[in-house]
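Each remark here refers to the structure printed beneath this line.
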Amino acid sequence: MLCERCGKKEATFYYKENVNGTVKTYHLCGDCAAEMQKSGEIQTGFGEDPIAKMMNILSGDDFFGGDDLFGKLIGSPQKTAERGKSCPLCGGTFHDFVKTGKAGCPRCYETFEAELLPSIQRIHGRTAHNGQAPARFREENEKKQKIAGLETELKEAIRTENYEKAAEIRDTLRNLRNA
Amino acid sequence: MTNWYEIPGNENDVVVSSRVRLARNLADYPFEPRLTPEQAKEICEKLKTIYSDGWTYTDFSTLSPAEKRSYGEKHLVSPAFAGKKTPCALFARNSVYIMALEEDHLRIQSIYPGLALDEAWHDAAEADRLLDENANVAYTEKLGYLTHCPTNLGTGMRASVMLFLPAYTAARGIQSLAAQLSKIGLTIRGMYGEGSSAEGCLYQISNQITLGITEEETIRKLETVVKQIVEKERQLRERQDKEALADRASRTLGILLYARRMDSAELLGLYTTLRMGASMKLLEGVTVTMADRMLVESMPGTLTVAEGLEDDSAARDKTRADVIRRILKEQK
Ligand SMILES: [Zn+2]
Ligand SMILES: [Zn+2]
């Protein structure tokens, strides 16, 4: 059997992996196998050691970083109305994002949010985070909730003509907002 | 530091290990491919100050190929990280290994033997808190933690469990299990498929989505499913002919104890039978942990490093047989 990649040399290398029921097999010559291994298309570990190979697949990229799934999902960048737009932090364009399926920097998400959201929804089924947050965001959230609560109390104090209390709440609110 | 695979874990007749990985990035730097060497250095220096107290730092790019590989074989770093040639660093403390400058700026990983997702999550979250307190982590309220690849947005968390499923495999149940799992947002990986023999019978199950689901929900879902699979695997094992199994396992032990050369392909088959025998308590003095240690410690990178070998496979096969014998002779 000839190598299925170059079609020239004899295939001496057989590689098989299975992700979620999709089996991929390759019959390759030594050179093509080495090239694909180098580019990360196949993970063969140490030479062709079967245990190392298995461990690599198991430990594999459970982060799915290795495939360009996202690039495929976004499709061709023809609908990029604002072609000239580029990310202020890394200089990347939406075209770069589509080509690699990956962001150039964290700021890219803000820059291309409108273009990205439909594909993000297709991958995750959702578009809003619902998990832990860094402390600075948690504090921000707590502050917002506290302000909302005080505003309700303030209205109630004014309604019941408790002006002394209203003034007190107003001071607390001012301090909170300026903090 | 004791390696995870040297400690007996919960439900270890079926569950080999539990792992939680978090992808994290610093807000003011581009992702790895666009980093300048100076920026990469800056990030490393910053992380060195954050992960200093009680953490060990390793300049990963200075390690030999075999040493890097060994980290990968023990599942302490990802295969991609083990193969990296550009500067990268590894920080370690107890169960936690932090890969710096993999694809994301940080991949925080915690690994435990057996079923211990809560412990792994707890330790990874603690390391994450250190980062949060000392750096500007890339995050937005809408998309959560911002990651190089959009498939990891949200929690940036992958929780996974490695399972040993010889009875499931023999009953040809893995394909349908894979179909069921993908419907509920879980992924199974392994070397299986039509016509394949028992290639180790090890599988990794992990969560597929990260956006719109909390860390807690992710872990509970994975744990619930794993417990069901564990029960089913045990039931299937109970139905097997114990005497025939004991016979096969004992013969396997004989080969492992008396072989003078062992190649990796042969070991993989023997491992499955030995682990099955040990997990069903059919072999006196041989534990599941011994079987796992035997597998990990006889992998090429680890073997090369531990035994100071040249990269020569004939010598490796001889040394592998020696190492296996040494581990199995520890039986009382
Ligand atoms: Zn070829
Ligand atoms: Zn950018």
Side-chain angles (χ1 to χ4, degrees), chain A residues 16-21 23 25 40 43 45-47 49-66 69-70 89-92 97 100-110 113 116 119-120 123-137 140-141, chain B residues 21 23 25 27 29-31 34 69 72-73 75 78-80 103 132-133 137-144 146 148-155 158 160 162 175 178-179 182 187-194 199-200 202 204 206 209-215 264-265 267-268 295 299-301:
Chain A
K16 176 159 137 192
E17 67 174 20
N18 190 324
V19 176
N20 258 5
V23 182
T25 56
Q43 291 176 333
F46 194 82
D49 186 278
I51 295 180
K53 196 166 94 181
M54 180 189 68
M55 283 301 176
N56 263 357
I57 290 169
L58 284 177
S59 153
D61 209 356
D62 47 19
F63 271 104
F64 312 115
L69 166 75
F70 198 77
L89 180 61
C90 73
F97 207 133
T100 58
K102 290 170 187 183
C105 79
R107 197 82 67 77
C108 285
Y109 286 104
E110 200 182 299
E113 188 181 284
L116 290 171
S119 318
I120 289 174
I123 290 178
H124 294 278
R126 294 165 229 197
T127 53
H129 176 52
N130 179 26
Q132 296 214 338
R136 65 179 199 278
F137 286 88
E140 199 58 34
N141 273 339
Chain B
R21 276 186 188 164
N25 289 280
Y29 292 92
F31 294 123
R34 282 175 183 263
R69 224 172 291 122
E73 288 166 357
H75 286 201
S78 65
E103 193 186 84
D132 180 31
E133 282 163 9
V137 178
Y139 176 93
T140 65
E141 278 189 274
K142 188 164 180 155
L143 295 177
L146 303 178
H148 185 38
C149 189
T151 48
N152 304 318
L153 288 168
T155 58
R158 298 283 167 198
S160 58
M162 186 155 53
Q175 292 287 3
S182 85
T187 297
I188 180 164
R189 304 179 158 259
M191 291 178 66
Y192 57 97
E194 68 282 5
E199 283 166 321
L202 292 172
Q204 185 99 269
S206 57
I209 59 160
T210 48
L211 187 65
I213 182 165
T214 66
E215 292 84 354
S264 214
L267 176 63
L268 191 51
L295 190 73
M299 274 190 272

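First the proteins, then the strands, lettered A, B, ... as listed; each starts at 1. Since we're looking at a predicted model, the values are computed, not measured.
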query = Quick one: CD on B:E103 to NZ on A:K102, what's the gap to the nearest 0.5 Å?
reply =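 Nearest 0.5 Å value for the CD-NZ distance: 3.5 Å.
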
message = If I take atom CG from residue A:L116 and atom CG from residue B:L153, how far apart are they, to the nearest 0.5 angstrom?
response =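 So the CG of A:L116 and the CG of B:L153 are separated by 8.5 Å.
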
A:I123 and B:I209, any side-chain heavy atoms less than 4.5 Å apart =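 No, their side chains stay 4.5 Å or more apart.
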
request  = Evaluate the side-chain proximity of A:I120 to B:L143: yes if any heavy-atom separation is below 4.5 Å, no if none is.
outcome  =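 Heavy-atom side-chain distance check passes, below 4.5 Å.
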
Considering all heavy atoms of both residues, which atom of [X] and which atom of [Y] are nearest to each other, and what is their separation?
| X | Y | value |
| --- | --- | --- |
| A:C105 | B:P30 | CB-CA, 3.5 Å |
| A:R126 | B:L211 | O-CD2, 3.3 Å |
| B:L146 | A:P106 | CD1-O, 3.4 Å |
| A:G101 | B:C149 | O-SG, 4.4 Å |

Using atom types as modelled and distance alone, determine if a side-chain donor or acceptor of [X] lies under 3.5 Å from a backbone N or O of [Y].
| X | Y | result |
| --- | --- | --- |
| A:Q132 | B:E215 | no |
| B:R34 | A:A103 | no |
| A:N130 | B:I213 | no |

query = Of all residues at least two apart in sequence or in a different chain, which pass the ring-ring contact (aromatic ring centres under 6.0 Å, His included) check with B:H148?
reply =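 Residues passing ring-ring contact (aromatic ring centres under 6.0 Å, His included) with B:H148: B:F31.
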
message = Tell me every residue that passes ring-ring contact (aromatic ring centres under 6.0 Å, His included) with B:Y139, counting only those two or more places apart in sequence or in another chain.
response =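 Expected list: A:H129, A:F137, B:Y145.
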
inquiry  = What part of A:E110 gets within 4.5 angstrom of chain B, counting heavy atoms only: side chain, backbone, both, or neither?
reply    =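 Contact with chain B is absent: no heavy atom of A:E110 under 4.5 Å.
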
